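This report refers to the structure that appears directly beneath it.
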Protein chains: 2
Amino acid sequence: MDDLTMQVWAVEALGALAHETRLSVFRMLVKAGPEGMIAGAIAEHQAVPPSTMSHHLAILERAGIVQSERESRLIHYRADYPAMRRLLMFLIQDCCQGVPEMCGDLIAALHCSPSQSQGA
Amino acid sequence: MDDLTMQVWAVEALGALAHETRLSVFRMLVKAGPEGMIAGAIAEHQAVPPSTMSHHLAILERAGIVQSERESRLIHYRADYPAMRRLLMFLIQDCCQGVPEMCGDLIAALHCSPSQSQGA
DNA sequence: TCCATATTTCGAAAATCATCGAATCGATTG
DNA sequence: CAATCGATTCGATGATTTTCGAAATATGGA
């Protein structure tokens, strides 16, 4: 994946997180762990109408930082940890290109685990 | 700074970066180092009209991730490294709250340098 | 003072985003 | 099959963002 493609994705991912409700939802999903949460529960916790929340969840999913899976009538949403790490990697590498003495050890740290695929 | 205030700021910072031109500008400023770049040069490099770029730079500055300083007729813009680290900190701590085994060592890594103030 | 330069602010048009009720879809149950 | 439940899609409205030329501001020099 070349730099430009990566940046285009980063813009979309950042945009998905750049919203009060959506950032709250993402944080909640991270805390919820691999189990994730059911759409209705997410909407209720955030006190947002289901249709509005569905819209926000779609944005997060399109940006590739959350995933959904249907289980009978319920739909589970969960944070995509590897994607989040890719985003952090992009931002940090970016940062360190110019100022390696500032956060140089972060790059190694982000390679901490080999779970590039969904580590559920 | 409590969590809610931090999140409100994070939303603004993420929103500032969630734009093709602005993310490019920020990356360019990071690479440019503490010297930063002059407004006109930024606009020219990105092939964007000065007034449009001025608007984007204002958004980045309001979000607190770039700083400006006037030097006679020129205005220097530079990336605010500590602010960027704070944003990364927020995102990573967020992430690790739920999944410490994924990127637990990142928190220590981000504390790598004590330059909480402007390290120009 | 008058002019040139660097940049910002203003203002208006176009585009995108956010919200949420109503209608629809998918799955389960009687 | 009809009813119900959980969730999404549609559609319309209002709000915000993006864009950029024209005008304004600030600085330095002749």
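Labels below follow one simple rule: chain letters A, B, ... track the order of the sequence lines, proteins then strands, and each chain is numbered from 1. Quick caveat, the model's predicted, so the values are computed rather than measured.
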First of L74(A) and A58(A) reached from the 5' end of DNA chain D, by closest nucleotide: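 It is L74(A), whose closest nucleotide lies nearer the 5' terminus.
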Do S72(B) side-chain and dG28(D) base share a donor-acceptor contact under 3.5 Å?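 There is none.
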Between [X] ([atom1]) and [N] ([atom2]), how many Å, whole number?
X: I42(B); N: dA6(C); atom1: CD1; atom2: C1'; answer: 13 Å
X: Q46(A); N: dA18(C); atom1: CD; atom2: P; answer: 15 Å
X: I38(B); N: dA26(D); atom1: CD1; atom2: P; answer: 20 Å
X: R62(B); N: dT8(C); atom1: CZ; atom2: C1'; answer: 13 Å
X: E69(A); N: dG6(D); atom1: CD; atom2: C1'; answer: 16 Å
X: M37(B); N: dT7(C); atom1: CE; atom2: P; answer: 11 Å
X: E20(B); N: dA15(C); atom1: CD; atom2: P; answer: 19 Å
X: E71(A); N: dA27(C); atom1: CD; atom2: C1'; answer: 13 Å

Report yes if a side-chain nitrogen or oxygen of Y77(B) is closer than 4.0 Å to either non-bridging phosphate oxygen (OP1 or OP2) of dA6(C); otherwise report no.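 For dA6(C), neither OP1 nor OP2 has a side-chain N or O of Y77(B) closer than 4.0 Å.
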Need to verify one output field. Residue with the more 5' nearest nucleotide on DNA chain C, A39(B) or R70(A)?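 Checking each residue's closest nucleotide, the 5'-ward one belongs to A39(B).
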Want to settle it: does H56(A) or L57(B) sit nearer the 5' end of DNA chain C, counting the closest nucleotide to each?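 Whichever sits nearer the 5' end wins; that is L57(B).
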Assess, by modelled atom type and distance only, whether the side chains of S68(B) and E61(B) contain a donor and an acceptor separated by less than 3.5 Å.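 Short answer, yes.
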Would you say the side chains of H76(B) and E69(B) form a donor-acceptor pair under 3.5 Å?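 Distance-only check fails for H76(B) and E69(B).
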Looking at D3(A) and R27(B), does any basic side-chain N land under 4.0 Å from a carboxylate oxygen?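 Yes, charged N to carboxylate O under 4.0 Å.
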Check every strand shown and say whether H55(B) touches a base, only sugar-phosphate, or nothing at a heavy-atom separation below 4.0 Å.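 The answer is base, as H55(B) lies within the cut-off (heavy atoms under 4.0 Å) of a base atom.
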Remember a base hit wins even if backbone is also touched, and classify P49(B) as base, sugar-phosphate or nothing at under 4.0 Å, heavy atoms.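 Counting heavy atoms under 4.0 Å across all strands, the contact made by P49(B) is with sugar-phosphate only.
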In terms of hydrophobic clusters joined by side-chain contacts under 4.5 Å, are F26(B) and W9(B) together?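 Yes; tracing contacts between hydrophobic side chains, which count when under 4.5 Å, links both residues.
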Common cluster, I38(A)/I42(A), ILVMFWY with side-chain heavy-atom separation under 4.5 Å: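 Looking at the clustering, I42(A) is in a separate group from I38(A).
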Quick check for you: among [options], whose closest atom lies nearest to any side-chain atom of [X]?
X: T52(B); options: dA18(C), dT19(D), dT8(C); value: dT19(D)
X: S51(A); options: dC20(C), dA7(D), dT8(C); value: dC20(C)
X: R73(A); options: dT8(D), dG26(C), dT9(C); value: dG26(C)

